[in-house]
Amino acid sequence: MTAAPLRFGILGTAKIARSFVAGVKLARSAAVVAVASRDAARAQDFAAELGIDAAYGSYEQLLRDPGVDAVYIPLPNSLHADWAIRAAQAGKHILCEKPIAASAVEARSMFEAARRAGVLLVEGFPFRAQPQTLRLQEMIAAGAIGTVRMIQASFGFTLAQEENIRWSTPLAGGAVMDIGVYPICLVRMIAGVRPTRVTASAQWAGTDDGVDRAVAATLQFADGLSAQIACSFDACLHRQALIVGSAGVLQTTYLNHTTATLPGSLQWRRGSDARAVDSIIETPVANGFQAEVDAFVAAVRHDPAQWSGATAEESIDNMLTIEALLRSARAGGTPQAVDGGAPP
Ligand SMILES: NC(=O)c1ccc[n+]([C@@H]2O[C@H](COP(=O)([O-])OP(=O)(O)OC[C@H]3O[C@@H](n4cnc5c(N)ncnc54)[C@H](OP(=O)(O)O)[C@@H]3O)[C@@H](O)[C@H]2O)c1
């Protein structure tokens, strides 16, 4: 017998929530049954347009709906912690948009609340559920490029709108929070541990208390692995990663794609010298939200250990890394320890 779909409610009528609904419609494992907005009319319009049964004029009302099993949180980053904790206390599983929170302290409280309530809380990164990333992980684990020594990863796009949550310091915007978190997550996934020391330089939006608009950084690991990451709101759209090992190179053309229409591909160079052989590995097309939601439902229904995305430890490390990068950038590029201690 097929299990009934897991019933999702959405907090807020965010732009990205439309892509989420489209992805869930492709997934048989889940359905979006409710949406809430600070404005009841906005919730009703969103629900009518996207075929969602229930519309609420407050997030609290949605959390009281017994017909909702899980919530998707695409709120501004500064609100993730508060609403994830309230959702956990209401007994809902939580798929929270990246970055998980506005700080590592908040992230720890969120996972503690979820543990106490016995619900699943994860940070959403659709690329972590997509075939090109799963294949990348398998290949690295199987030794396809030997020991990983260097990673370069970046993500940028042009943020032309003047009014956007990403420009807001109180809403925890900024380039590192918004898109730097992708290469940070990819590097942490491959390294398997948190970096020990980082340095960063940034360009800032407006005055001194403006958010970062572009950041270039280095991340160093205890075992000698080093990574360079970059992110920018002033670049053409690109998402790229180059992973260099002792015996080969892997390159992935994108780190995230929620409405994929092209198959993901990996370029693989086998060999450590000029005789290296190049090949392209095609991976299937998969909508990122569909893949993410299917993985989320499997983790809720069967085994949280099946979750292929960021673990709680990884999400907390991602926040510690973001904080250390911003500390370094604000201190003119001075090295920072990721755990907040003296730099090693
Ligand atoms: N996974 C991905 O590919 C992806 C892509 C884009 C964004 N994201 C993440 O998704 C989240 C939302 O991004 P977005 O660009 O979709 O945001 P957005 O369009 O600006 O939507 C944010 C929503 O939050 C609600 N909200 C509550 N308090 C607010 C406040 N003080 N100011 C503004 N909005 C407020 C609003 O809904 P109501 O007014 O209806 O309550 C609003 O529609 C962020 O965490 C971002 O990092 C992820």
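Computation of the quantities below employed the complete heavy-atom set of this structure, encompassing side-chain atoms and omitting hydrogens, waters and symmetry-equivalent molecules. As the structure lists them, so they are numbered: ligands from 1, and atoms in each ligand from 1.
Residue L171 places no N or O, backbone or side chain, under 3.5 Å from any N or O of ligand 1.
Under the side-chain contact (heavy atoms from CB on, under 4.5 Å) test applied with T218, the options I229, T199, V198, L325 reduce to a single match, T199.
Proximity of M177 to ligand 1 is not established, as no heavy-atom distance is less than 4.0 Å. Note on ligand 1: F127 sits outside its first shell, no heavy atom being nearer than 4.0 Å.
For Y56, the ring-ring contact (aromatic ring centres under 6.0 Å, His included) criterion is met by no residue, not counting sequence neighbours. Scanning for side-chain hydrogen bond (donor to acceptor under 3.5 Å, both in side chains) contacts around R7 gives D69, with sequence neighbours left out.
Contacts with ligand 1 closer than 4.0 Å are made by no heavy atom of Y56, backbone or side chain. Within the 4.0 Å heavy-atom criterion, both parts of R38, backbone and side chain, lie near ligand 1.
Among G12, P76, A36, the residue whose heavy atom sits closest to atom 26 (N) of ligand 1 is P76. One option in N164, I10, T13, L11 has a heavy atom closer to atom 43 (O) of ligand 1 than any other, and that option is T13.
With hydrogens and angles ignored, the 3.5 Å screen pairs no side-chain donor or acceptor of S201 with any backbone N or O of G333.
For an aromatic pair to be called close, the ring centres must be under 6.0 Å apart, and F8 with F296 satisfies this.
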